Each structure stands twice: as C-alpha cells, then as structure tokens.
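Side-chain atoms are counted along with the backbone in the values below, which use heavy atoms only and exclude waters and symmetry mates. Note that the structure is a prediction, hence the values are computed from the model and not measured. Quick note on labels: first sequence line is chain A, next is B, and so on, each numbered from 1.
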Protein chains: 2
Amino acid sequence: MKIETRQEEIIRVAAKLFKEKGYSAVTMRDLAKAMGIKAASLYNHIKSKQDILKTIIISLAEEFTEGMLQIQASNENCIGKLNRIIELHVKISNQNIYGMASLNNDWMHLEEKLEYYQQLRDDYENDFRKILETGIASGEIINIKPEVMMFSILTTLRSLYLWIPKKEDINLDELSHSLSQILIKGINK
Amino acid sequence: MKIETRQEEIIRVAAKLFKEKGYSAVTMRDLAKAMGIKAASLYNHIKSKQDILKTIIISLAEEFTEGMLQIQASNENCIGKLNRIIELHVKISNQNIYGMASLNNDWMHLEEKLEYYQQLRDDYENDFRKILETGIASGEIINIKPEVMMFSILTTLRSLYLWIPKKEDINLDELSHSLSQILIKGINK
DNA sequence: GTCTATATGGAGATAGAC
DNA sequence: GTCTATCTCCATATAGAC
C-alpha cells in the first residue's frame, strides 16, 4: 500500500465532499475544515480548486478510455465485450466511488480541460455504440435502436457510484454477474 | 394553453439554467440576465433562490407520488405496473426536461423541504420494490435480487431527461415501448 | 414591474510570519 | 507545512425612487 501524500489526501477528501454537495457548493473552507487545517494551507499542496476537479475527473476519464481500448482490442464477441464493459464500470466505480460522482455531475465545471473531457466521453460512447451495432449486424443481439440500448446500459453503469455504497457486503463479481443478467439477457436473442 | 405568469416564466428559465450548471453555480444575476431584467427585479416575483428550487423539485416529486398511487391502485399484474411506471417517467420527463435535472441532481440543496422530499423518494422506491417482490413471489419475473433490478430500471428512467432532448423526432409511445422491451424483457421469465 | 444603490456575507486566492 | 491577515470579487437580498 503506497503512502498517501498530503496532496492525494486533499483530492480524496475533496472528492468525498463534491459527491455530497457538488463542486460548486463546496468551498475551500469546507475542504480545509474536513482536513483539519485552514483554507490558506491547502494552497501549499494544490494549485487551485479547479485543479482538484481536473485531477479527479481526467484521471478517471482516462482510466475508462484505457479500459475501452483493451476491450476493443480483445477478440471476444459482442456479448463478451459488453460483459467486460460492465466489469470495467464495476471495478472503477468501486475503487473510486467519490470520484465517480464528480465525473458524472461536475464535468461541466471543468475549464481548460472541458473539451478534452468531452472528447474522451464522445469517443467512449462511439466505441460502445460500435460494439452494439456490430452485435446487431451479426445477429448476436436483438435489433432494437442501439441508441436506446446504449442509453439504458450506460446510465445504469454510470450510476453505480450511487448504489454500491448502499450495499454493506458487496461482492464485485456477483454484482457484475447480476448486472450482466439484467442488462444483457434483455438484449440477447 | 394557459398564459404563463412572470413567476412561472422565472421558474422555467431557472430550471433550464439549473440543468446546465447546477443550482449552486447559477446566480440570481445569471437568471436575471436570461430573463432580460436586473437581479433585484426578480424578487418582485419570487421569494428567494431557494424558493425556486423548492417549487421545481417538490411539484415534480409529488407528480411521481401521485402517479405511483394510481399505478398501485390499478389491478394490473406486475409487468403491467412496471410498464405503467415506464410510461409515467417518460411522460413527466418529456414534459419537464429541465426540472428533472434539478430533481435528480439538486435535491440535496433543498432546505426546509429536504426531509419531505426524501420521504417522498423513499416511499416511491419502497412501492417500486414491493411491485418487484410481488412479481418474484408470483413467478412473474425472474428471481434476481430486486435491489439490483430496481437500481437498474430506476436509474435508467431517472436519466431520461439527459437523453430525450437529444432525439430530434421523439415519439413517446415508441420510446416507452423500446424501454419496456429493453428493461423488462430482461427480467421477464 | 423595473430600476439604482447598497447592505452583508462569503467566495478563491496570496503574502509573509513562524 | 500551517498560520493570521488581507485582497478582490461576487453572492443573495432589501430599500426606496420612478
């Protein structure tokens, strides 16, 4: 277990506060209080409030991009790839519950990195859509509008951060499996 | 078509801004600018910023509660009730896209009405869960953890506001039908 | 019903002592 | 690495003229 730097601690605590109230409603004074120091002291470790948000969101977005690249490169079939996507979301969401809230709800408050984030998200969705379309073309999944399918699956996966913390004894493999049944059996011929 | 009062117009425009940036990031000056007046003038029509949020969220939450009561009182079977719930979400989301964003993302910024909102939401989820449990008990739907099922269906329905505006030529019946296929066929024996 | 002017408080961030 | 003190700006909201 790597020792957490003070900067990492600030980012971790900030993400927790951002999940509860959203980026805009959390003040540097709130964050300092949660850290047990004064607001001015935060600036010895971080550049700005915006920089905290950027770090939280971009690292997560890049993790998803990386995961999607590996899934694309695999030679599984369409359903196999969808299962890998489910596992990817379960894994990342469980590792960073608080950060996922910012990724989902506070991305619009990014400043310089906004366009970069949007590009990553658009690419991710396009890759996802392509997997569904391939599955439809090959007859592997039913022929319902891929947009509606993607919307349904992706919004469920994107909301995992809200739901995982409520389960006391979470078994990640079991959760992935249940989600797979519910999300995929419905579109599997 | 009822004529919109100035107060209703403010609430409608506020909801639109809240959807884009969230309640906390929208200032009364932003809202005034969008209305073409000065911030101070808003207070001739509304009591406070908080009051705008309360109006948006509570009216929607009560609409869902009312809808759920009717569905419960109907004598449809479990799948029929689930389809009615899908239609309820599609209808309300389509009627009030902007308000749905506040309901989903800004409820935690409610002040006096926070507990009331939480009660309505908890009741709604309990009613939903009961429908699923009844369906499992009667063998109408598959026996997967009802929590995961509810989570999956409800988060999809709650995110409709993000997705409906992207479809130019939206046919509500068709959308409800597609969602029904995707969300229910997966849990239908 | 809208305006200008203003009250009051709190935001993000920096300087410089310890 | 943390503190106190402070800068500057902007937030919600009110008072009172037109």
Side-chain angles (χ1 to χ4, degrees), chain A residues 2-58 98 101-102 105-114, chain B residues 2-58 98 101-102 105-114:
Chain A
K2 198 169 131 288
I3 293 171
E4 190 183 45
T5 68
R6 202 87 169 110
Q7 187 186 73
E8 286 164 347
E9 189 186 357
I10 289 172
I11 290 166
R12 177 173 56 79
V13 173
K16 183 167 184 173
L17 297 182
F18 292 167
K19 172 169 186 265
E20 284 159 16
K21 304 202 295 172
Y23 173 74
S24 302
V26 174
T27 71
M28 295 303 272
R29 286 168 175 82
D30 291 336
L31 177 53
K33 196 169 206 173
M35 292 285 301
I37 58 177
K38 297 288 174 184
S41 307
L42 292 169
Y43 291 89
N44 260 290
H45 306 284
I46 52 97
K47 213 176 89 221
S48 64
K49 187 186 178 191
Q50 170 68 203
D51 210 57
I52 296 174
L53 184 69
K54 188 198 74 184
T55 303
I56 293 170
I57 292 182
I58 298 300
Y98 301 129
S102 299
N105 303 321
D106 286 319
W107 57 266
M108 72 286 282
H109 299 119
L110 285 173
E111 291 165 11
E112 319 98 90
K113 291 289 184 179
L114 176 59
Chain B
K2 197 169 132 289
I3 291 171
E4 189 182 46
T5 68
R6 200 89 169 109
Q7 188 185 73
E8 288 164 345
E9 189 187 356
I10 289 172
I11 289 166
R12 176 174 55 79
V13 173
K16 183 167 183 172
L17 297 183
F18 292 167
K19 172 168 187 265
E20 283 159 18
K21 305 202 294 174
Y23 174 75
S24 302
V26 174
T27 72
M28 295 303 271
R29 287 173 173 81
D30 292 336
L31 177 53
K33 196 168 205 173
M35 292 286 300
I37 58 178
K38 296 290 175 183
S41 306
L42 292 169
Y43 291 88
N44 260 288
H45 307 283
I46 52 98
K47 213 177 89 219
S48 65
K49 188 187 177 190
Q50 170 68 203
D51 210 57
I52 297 174
L53 184 69
K54 188 198 76 185
T55 303
I56 293 170
I57 291 181
I58 298 300
Y98 301 129
S102 299
N105 303 321
D106 285 321
W107 58 266
M108 73 286 283
H109 299 119
L110 286 173
E111 292 164 14
E112 319 98 274
K113 290 288 184 179
L114 177 59

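Whole-Å rounding puts the Lys38(B) NZ to dA17(D) C1' distance at 17 Å. The distance between atom CG of Leu42(B) and atom C1' of dT4(C), rounded to the nearest whole Å, is 15 Å. At whole-Å resolution of the value, CG in Leu53(A) and C1' in dG12(C) are 15 Å apart. Nucleotide dC3(D) holds its P atom 6 Å from the CD1 atom of Ile37(A), rounded to whole Å.
Annotation: ring-ring contact (aromatic ring centres under 6.0 Å, His included) contacts of His109(A) (sequence neighbours excluded): Tyr23(A). With sequence neighbours excluded, no residue forms a side chain to side chain contact (heavy atoms under 4.5 Å, CB included) with Ala40(B).
Candidate nucleotides dT14(D), dA13(D), dG1(D) were compared by shortest atom distance to the side chain of Ala40(B), and dT14(D) ranks first.
Taking side-chain N and O atoms only, Ser41(A) has no distance below 4.0 Å to OP1 or OP2 of dG1(D). Regarding contacts with the backbone of dA13(D), a side-chain N or O of Tyr43(B) is found under 4.0 angstrom from either OP1 or OP2.
Screening residues 9-18 of chain A for salt bridge (charged side-chain N to carboxylate O under 4.0 Å, His left out), with sequence neighbours left out, gives Glu4(A)-Arg12(A), Arg6(A)-Glu9(A). Evaluation of the ring pair (Phe, Tyr, Trp, His ring centres under 6.0 Å) test over residues 29-51 of chain B, restricted to residues two or more places apart or in two chains, returns none. Applying the salt bridge (charged side-chain N to carboxylate O under 4.0 Å, His left out) test to pairs two or more places apart or on separate chains, those with a residue in residues 24-35 of chain B are Lys21(B)-Asp30(B).
Leu42(A) is not listed as a side-chain neighbour of Ile52(A), based on a closest heavy-atom distance of 4.5 Å or more.
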Please tabulate, one pair per line, each protein N/O and nucleotide N/O from nucleotides 7-11 of chain C that are separated by under 3.5 Å, including the distance.
none

